[in-house]
Amino acid sequence: MTEADLKHINPKEILWASLNEILSDVNLSLKADDFPIQNTRKEFKGDLTLTLFKASKAVKLSPPELGQKIGEYLTKKFSEYFSEFEIVQGFLNISFSDDFRKRLLYEILQCENFGFVAVAENAPPVLLEYCSPNTNKPLHLGHLRNIFLGDAVSRILRACGKKVVTMNLVNDRGIHICKSMLMWMKDSRSKTPENTGIKGDFLVGDYYVQFDKLYKGQVEQLMAQGKNKEEAEQNAEAIREARELLRSWEKGDPTVLQDWKTMNKWVLDGFRQTLSRLNIAFDRWDFESNTYLEGKKAIEEGLQKNIFFRAPDGSVRVDLSSHGLDEKVLLRSDGTSVYITQDIGTALMRYRDYGNIEGMIYTVGNEQDYHFKVLFAILDKLGYSWASRCKHLSYGMVELPTGKMKSREGTVVDADDLLDEMFETAKEITTELGKTEGLSEEEKNELYEMIGQGALRYFILKVDPHKKIVFDPRESIDFNGHTGPFIQYTHARIRSVIRKSGYEKFDLPTDNTPMLNESEKHIINRLYSFPEILVECLQELNPAPLANHLYELSKEFNRFYHDHSILNEQNNALRHFRVCLTEACGRQIKKGMELLGIRVPERM
RNA sequence: GGCCUCGUAGUUCAAUGGAUAGAACGGAAGUUUCCUAAACUUUAAAUACAGGUUCGAUUCCUGUCGAGGCCA
């Protein structure tokens with residue numbers, strides 16, 4: 001990456017610098033940050049807008065008077081950047097000169113990775129955990145939101161110069177996997193993915209559903225015999241058998257361990273297959289079966305240092321009132337661990353492995369908000385300074401119209417099924433539109449996958465992670481309008497123009513380009529905003545602003561494409577300029593979509 | 001009961017405290033001798049409610065109602 005990649009020309013900063021100079025010239029006791037800067041709204045003439053209310057109060061001039069003064073100075077002293085201005089109410093709208101706009105465009109074209117920041121070699125890493133499945137069922141739509149978010153955030157972090165280690169923490173032990181194991185054993189261990197042709201994670205997931213049916217039936221029976229609900233749930237035979245299995249596992253019973261290994265492998269193979277289809281690879285996989293004992297040690301140490309205490313009932317607890325939280329149990333009275341026990345262990349192990357870290361990010365649903373507050377508070381109490389750099393990337397659940405998805409009741413949208421459906425829809429639409437001509441079978445399939453997945457990823461990533469998503473399986477995900485395929489289509493269209501243009505270099509323009517039109521101005525304004533959008537995504541750990549930016553850019557380009565001719569433009573200088581503008585859009589769409597984990601086609 | 005999220009057109013989403021609240025889908029009407037019509041243009045339609053802070057509130061604060069979640 002070159003120097004230019006690191007220092008982008010930034011109109012807002014230029015305006016601030018110019019303002020500061022002017023203010024010292026005229027002896028107004030104001031600073032540039034008394035003037036909030038925003039992009040000028042489309043209905044008004046101009047590119048950047050200064051809000052004058054705050055400053056005008058301070059210098060006892062009316063907003064229009066102050067605006068007039070500043071506007072005049074700016075356009076006079078910095079005429080190379082700012083050509084004219086207009087005051088509407090308390091707003092000073094400033095227009096760029098066409099020369100400045102063209103400079104912006106060529107600056108953007110000169111940077112191979114405009115908006116990106118090079119990664120410093122010795123930078124401490126950010127550890128980013130996402131996916132984190134249980135090994136008792138296949139990945140479903142909820143996991144997909146997690147995976148898409150985590151993947152996009154990892155790419156955005158890297159684009160912003162961070163070194164990232166992505167990790168998948170697999171919850172491969174516990175009662176849930178024992179439930180599936182139990183049913184498989186009852187089924188005389190006969191079925192395998194090989195002899196049934198069922199993908200391993202689905203096979204194990206089926207047993208999990210079967211367990212739930214059996215268990216529920218037993219609970220009902222017990223209740224019919226007069227037991228209350230809690231008693232029935234505790235004493236049903238199925239759950240007792242599953243618990244027994246868990247105890248045998250913890251004791252290290254070789255037969256149980258063997259079965260456990262067998263079934264886990266089936267599920268993990270299934271996961272790897274789905275993840276590979278999604279083009280997701282983790283830098284590191286952790287398994288809770290390897291880390292869960294680690295937490296207990298940390299608790300013992302904390303107990304010795306009096307950070308934790310033993311309650312009268314024998315459990316180990318921590319008082320978090322110093323952090324505005326309650327008391328929390330860390331080890332049960334019988335010495336067994338709770339969820340947070342192993343999370344503490346995992347965090348400490350990671351810290352040991354990576355030493356100096358920039359931060360740790362956990363991509364986990366918002367039902368765990370409280371859990372992570374507690375975890376970070378405990379790490380802080382244990383005296384780890386990096387606790388303050390731990391973040392919970394929290395996101396809303398994906399729900400069906402009927403409510404929450406529940407694996408054990410079979411009311412889930414499986415990731416594999418959804419991906420297949422998206423593929424089929426993409427195939428159907430593409431074929432209908434007759435866009436498959438000249439493509440080999442392999443190329444066609446690659447295209448359908450790209451479009452289907454693009455639609456799905458975009459559908460999820462354009463939404464603010466805080467919000468829950470309601471997914472209605474009866475309504476298919478759109479391929480028109482504010483969607484991934486719309487942006488992919490725009491890219492394909494751009495590539496087509498560029499191919500036909502014959503251009504390979506996009507160098508500096510001749511000076512005599514005619515005046516730019518509104519579309520061209522708007523596009524350039526979008527393009528140069530890219531770096532600040534990335535910064536926003538980084539700060540919020542939220543890919544949605546980028547998704548929306550790329551849509552706006554595509555929309556603006558399509559409008560331009562419709563209203564103005566690029567290759568048929570008669571004026572040479574203008575045609576050159578437009579081809580360059582088109583190229584810049586294409587590159588930004590491609591790079592930006594890549595950050596969302598969405599590939600864009602050369603034609604579609 | 002305590003705490004946390006979220007409430008914007010019929011639906012799905014936008015809007016660093018700023019201007020006339022933007023889009024998309026769906027509805028209505030239109031655009032193809034021209035660079036890809038998965039496109040473009042026009043049109044009807046929304047800030048849950050009540051207060052407060054502010055020159056200015058969808059955004060911040062308080063309360064009410066509603067949806068979801070966590071803790072006990």
Side-chain angles (χ1 to χ4, degrees), chain A residues 12 36-44 46 49-54 56-57 62-63 87-91 93 324-329 365-374 394-397 399 401 403-404 426 429-430 432-435 437 451 454-455 458-472 475-501 532-533 535-536 539-540 544-545 547-549 551-552 554-555 557-569 575 578-579 582 601-604:
Chain A
K12 286 185 186 169
I37 298 181
Q38 57 186 318
N39 297 322
T40 303
R41 296 186 62 122
K42 246 186 182 169
E43 313 88 85
F44 301 97
T49 295
L50 292 180
T51 311
L52 301 165
F53 300 104
K54 195 177 166 193
S56 84
K57 234 187 217 171
S62 74
I87 295 157
V88 184
Q89 296 171 33
F91 302 92
N93 298 331
L325 301 166
D326 298 330
E327 218 173 85
K328 175 77 187 171
V329 175
N366 64 7
E367 54 195 354
Q368 308 273 7
D369 283 358
Y370 184 75
H371 175 83
F372 281 101
K373 269 191 204 165
V374 169
S394 166
Y395 62 90
M397 295 286 106
E399 293 177 11
K404 216 179 156 182
I429 295 175
T430 309
E432 250 174 54
L433 291 170
K435 303 226 171 164
E437 213 177 313
I451 296 171
Y458 194 87
F459 173 82
I460 286 175
L461 288 177
K462 75 171 176 182
V463 182
D464 185 322
H466 287 108
K467 300 191 179 181
K468 70 171 182 193
I469 290 181
V470 178
F471 176 79
D472 190 342
E475 286 178 34
S476 52
I477 292 172
D478 268 316
F479 283 65
N480 295 325
H482 187 178
T483 65
F486 170 89
I487 300 171
Q488 290 173 316
Y489 171 76
T490 308
H491 181 263
R493 188 181 233 189
I494 285 171
R495 293 303 303 153
S496 169
V497 172
I498 296 299
R499 277 193 302 272
K500 288 194 174 149
S501 77
E532 60 192 73
I533 300 279
V535 170
E536 190 189 340
Q539 283 166 349
E540 306 293 323
N548 288 308
H549 167 82
Y551 171 69
E552 297 295 343
S554 301
K555 182 129 187 81
F557 178 83
N558 279 324
R559 192 172 295 147
F560 162 72
Y561 177 92
H562 182 268
D563 293 344
H564 307 281
S565 190
I566 300 166
L567 300 179
N568 297 330
E569 169 56 45
R575 186 174 62 245
R578 285 183 177 166
V579 171
T582 302
E602 284 292 305
R603 55 192 91 208
M604 73 182 267

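Residue numbering restarts at 1 for every chain, and letters A, B, ... go by the order of the sequence lines.
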Tell me: OH of A:Y458 to C1' of B:C25, nearest whole Å? 14 Å
Quantified in whole Å, what is the C1' atom distance between nucleotide B:C6 and nucleotide B:U47? 14 Å
Span that lies between the C1' atom of B:A29 and that of B:U33, in whole angstrom: 24 Å
Test side chain to side chain donor-acceptor pair (under 3.5 Å) on A:R493 and A:N558 and set out the steps. CA-CA 9 Å; A:R493 188 181 233 189; A:N558 279 324; 2.8 Å; yes
Distance, rounded to the nearest Å, where A:F44 contributes CZ and B:G18 contributes P: 14 Å
OG1-CZ distance between A:T483 and A:F459, expressed to the nearest 0.5 angstrom: 11.5 Å
For the C1' atoms, the ones on B:U8 and on B:A14, what distance do you get once it is rounded to whole angstrom? 10 Å
Rounded to the nearest 0.5 Å, the OG1 atom of A:T51 sits from the CD atom of A:Q38 at a distance of 4.5 Å
Atom CZ of A:R575 with >12 non-hydrogen neighbours under 6.0 angstrom: yes
Using both pair distances under 3.5 Å as the test, note the stems of at least 3 consecutive Watson-Crick or G-U pairs that include RNA chain B. B:1-7 with B:65-71, B:10-13 with B:22-25, B:27-31 with B:39-43, B:48-52 with B:60-64
In whole angstroms, how far is the P atom of B:G7 from the NE2 atom of A:H466? 11 Å
Gap in Å between the two P atoms, one belonging to B:A21 and one to B:C4, rounded: 33 Å
Any N/O pairs under 3.5 Å between the protein and nucleotides 66-72 of chain B? List them or say none.
from  : atom 1 : to     : atom 2 : distance (Å)
B:A67 : O2'    : A:K468 : NZ     : 3.3

Does A:S565 offer a backbone N or O that forms a donor-acceptor pair with the side chain of A:R578 under 3.5 Å? yes
Tell me whether the count of non-hydrogen atoms from other residues, nucleotides or ligands lying under 6.0 Å of NE2 in A:H564 goes above 12. yes
For A:D464, report the nucleic acid contact type (base, sugar-phosphate, nothing); a contact means any heavy atom under 4.0 Å. sugar-phosphate
Rounded C1' spacing from B:U59 to B:G22 in Å: 15 Å
Across the strands shown, which category fits A:T49 at heavy-atom distances under 4.0 angstrom: base, sugar-phosphate, nothing? base
Minimal non-hydrogen separation, A:L461 against A:A547, with atom names: O-CB, 4.3 Å
Separation of the P atoms in B:U31 and B:A37, to the nearest angstrom: 16 Å
Counting only side-chain N and O atoms of A:R41, is one of them less than 4.0 Å from OP1 or OP2 of B:A19? yes
Same-atom distance (C1') from B:G10 to B:A72, integer angstrom: 41 Å
Has the side chain of A:D464 got a donor or acceptor atom that lies under 3.5 Å from a matching backbone atom of A:H466? yes
Of the listed nucleotides (B:A19, B:C4, B:G18), which one gets closest to any side-chain atom of A:F53? B:G18
Euclidean distance, atom CG of residue A:N39 to atom P of B:A15 [Å, nearest integer]: 14 Å
Is any side-chain heavy atom of A:I566 less than 4.5 Å from a side-chain heavy atom of A:F560? yes
Remember a base hit wins even if backbone is also touched, and classify A:F459 as base, sugar-phosphate or nothing at under 4.0 Å, heavy atoms. nothing
Using 0.5 Å steps for rounding, measure from the CD1 atom of A:I429 to the CZ atom of A:F479. 5.0 Å
Could you tell me the separation between the NE2 atom of A:H549 and the C1' atom of B:C13, rounded to a whole number of Å? 18 Å
Phosphate oxygens OP1/OP2 of B:A39: is one of them under 4.0 Å from a side-chain N or O of A:K555? no
What is the distance from atom OH of A:Y370 to atom NZ of A:K328, rounded to the nearest 0.5 Å? 7.0 Å
So does A:P601 get a backbone contact from the side chain of A:H491, meaning a donor-acceptor N/O pair under 3.5 Å? yes
How far does CE of A:M397 sit from NZ of A:K404, to the nearest 0.5 angstrom? 6.0 Å
Mind checking if A:N93 touches a base, just sugar-phosphate, or nothing, with heavy atoms under 4.0 Å? base
Compare the minimum distances between each of B:U20, B:A23, B:G18 and the side chain of A:T51, then state the nucleotide with the smallest one. B:G18
Figure out the CG/C1' separation between A:N548 and B:U12, and round it to whole Å. 12 Å
Calculate, to the nearest 0.5 Å, the distance between atoms OG1 and CG belonging to A:T582 and A:L567 respectively. 7.5 Å
Gap between atoms NZ and C1', on A:K54 and B:U16 respectively (whole Å): 13 Å
Distance check, C1' atoms only: B:U11 and B:G69, in whole angstrom units. 24 Å
Rounded interatomic separation in angstrom, taking CZ from A:F471 and P from B:U11: 19 Å
Toward the 5' end of RNA chain B, which comes first, A:P545 or A:D369, by nearest nucleotide? A:D369
Grab the N/O contacts between the protein and nucleotides 32-38 of chain B below 3.5 Å, and write none if there aren't any.
from  : atom 1 : to     : atom 2 : distance (Å)
B:C34 : O2'    : A:N568 : ND2    : 3.3
B:C35 : O3'    : A:K500 : NZ     : 3.1
B:C35 : O2     : A:I566 : N      : 3.4
B:C35 : O2     : A:L567 : N      : 2.9
B:C35 : N3     : A:I566 : N      : 3.1
B:C35 : N4     : A:Y561 : O      : 2.6
B:C35 : N4     : A:H564 : O      : 2.7
B:U36 : OP1    : A:S496 : OG     : 2.5
B:U36 : OP2    : A:S496 : OG     : 2.9
B:U36 : OP2    : A:K500 : NZ     : 2.8
B:U36 : O2'    : A:Y489 : OH     : 2.3
B:U36 : O2'    : A:R493 : NE     : 3.0
B:U36 : O2     : A:K435 : NZ     : 2.8
B:U36 : O2     : A:M604 : O      : 3.3
B:U36 : N3     : A:M604 : O      : 2.9
B:U36 : O4     : A:A492 : O      : 3.4
B:U36 : O4     : A:M604 : N      : 3.2
B:A37 : OP2    : A:R493 : NH2    : 2.3
B:A38 : OP1    : A:K435 : NZ     : 2.6
B:A38 : O3'    : A:N480 : OD1    : 3.2
B:A38 : N6     : A:T430 : OG1    : 3.2

Base, sugar-phosphate alone, or nothing: which one does A:I37 contact when heavy atoms must sit under 4.0 Å apart? base
